[in-house]
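Single-structure report; data block below.
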Amino acid sequence: MKSPVTTTLPMLRILLGSQQTGLILVILLLGAVLSIFAGYHVDRTTGELVNNFLNSRTLMQTATDASFFVIMAVGATMVIISGGIDLSVGSIYALSGVMTAMVLRAMAPEAPFAVVALAVVTCVSLGVLCGLLNGLMVVGLRVHPFIVTLGTMWVFRGVAFVASEAESILVPQPLTDAIKLSFGSDALYPMPMIIMLLITAAGAVYLSRTVMGRHVFAVGGNVEAGRYAGLRIDRILVGVYVISGLTAGIAALVGSSYYGSASCADATGYELYVIASAVVGGASLRGGRGSAVNAMLGAMLIVLIRQSIRTLHLDQNYEWVVIGCAIIVAVVLDQVNRRLTARRLAGADRSVTV
């Protein structure tokens with residue numbers, strides 16, 4: 001019979017060595033530093049001294065900002081796991097948001113339920129359609145996904161510019177009311193975070209509990225081996241781009257509803273934040289490795305870095321420097337981890353042979 005000590009120590013070692021634990025510790029550490037150095041202000045309504053970072057409003061706003069990245073990052077992580085890349089997610093966001101706002105304005109449904117239902121169907125359908133187009137071109141043209149999605153990034157953004165004539169379009173009030181449904185009297189809006197958690201949970205279940213999810217890892221790990229194993233590579237690749245477009249469409253629905261308008265300039269540069277979230281969360285750009293939960297933690301860490309620069313009143317130009325350094329550190333750690341794992345496996349093989 002094993003003693004409690006011998007069973008607890010390996011579990012503790014696994015817990016401390018896991019990437020999720022490391023990300024959570026870094027987020028908590030950064031939050032603690034911000035709480036200490038952010039300073040205080042006097043709340044106008046209550047007259048109480050409030051920490052500039054550690055208060056419900058700032059924390060909720062930070063989590064809301066993260067939710068848009070997280071929703072897109074879950075889909076984009078699946079593309080990265082499959083060995084691809086999707087640079088068009090920000091443009092899909094803009095196109096889906098603008099076209100949905102235009103459809104709602106043109107059809108002008110009156111009932112709140114009809115407004116929400118039409119917005120969901122339109123936004124999600126556009127996201128899926130854009131993702132399907134990406135997937136079919138990647139598979140059909142046999143061109144590297146970087147080139148295909150770089151092109152569609154400009155095409156989707158351009159169509160959004162032309163369709164909206166570069167003007168911001170207001171979304172109907174019932175849609176904003178639905179996404180800003182408050183459960184308290186303090187005007188805190190948890191719906192974006194609830195949707196973020198649902199999408200993350202769905203992505204985690206898909207990747208870890210379904211056959212299709214395991215096939216995505218198999219294709220990203222070794223596409224030729226997957227082909228010899230009889231996997232339908234083309235269908236799997238098209239599927240991950242469809243999911244990436246779907247999540248970008250959902251993020252557009254949540255984002256344009258939350259801010260009350262959609263513009264062709266929305267989500268400019270989001271593709272870099274989304275890819276950075278996946279990479280910082282441990283997804284390998286070589287494919288075969290990644291996690292929806294880690295992508296969520298990576299996005300939260302990046303948003304927290306942005307928030308720290310604002311809260312500490314630092315020059316915002318440093319935001320790009322810090323996030324770039326975070327990506328480099330994440331990639332270097334990934335390389336070190338790969339080499340250590342390879343050496344450990346090689347050592348295990350030699351011991352078995354001897």
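There is a path of hydrophobic side-chain contacts, each under 4.5 Å, that joins Phe53 to Phe37. Follow the hydrophobic side-chain contacts under 4.5 Å out from Leu141 and you reach Leu133 in the same cluster.
Taken from CD1 in Ile243 to CE in Met212, the straight-line distance is 7.0 Å, to the nearest 0.5 Å. Here CG of Leu59 is found 10.5 Å from OG1 of Thr64. Values are rounded to the nearest 0.5 Å. Of the inter-residue distances, the one linking Ile92 atom CD1 with Leu126 atom CG reads 10.0 Å to the nearest 0.5 angstrom.
At least one side-chain heavy atom of Ser82 sits under 4.5 Å from a side-chain heavy atom of Leu237. Counting heavy atoms from C-beta on, the side chains of Phe146 and Leu87 come closer than 4.5 Å. Residues Thr268 and Arg157 have side chains in contact (heavy-atom distance under 4.5 Å, counting atoms from C-beta outward). Using a 4.5 Å heavy-atom cutoff, the side chains of Thr149 and Met137 are not in contact. Side-chain contact between Leu175 and Val116 is present, with heavy atoms from C-beta onward closer than 4.5 Å. Proximity of Cys130 to Leu95: side-chain heavy atoms (C-beta onward) are separated by under 4.5 Å at one or more points.
Ser256 and Asp266 share no side-chain donor-acceptor pair at under 3.5 Å.
Ring geometry for Phe68 against Tyr259 counts as tilted: the plane angle lies between 30° and 60°, on a 0 to 90° scale.
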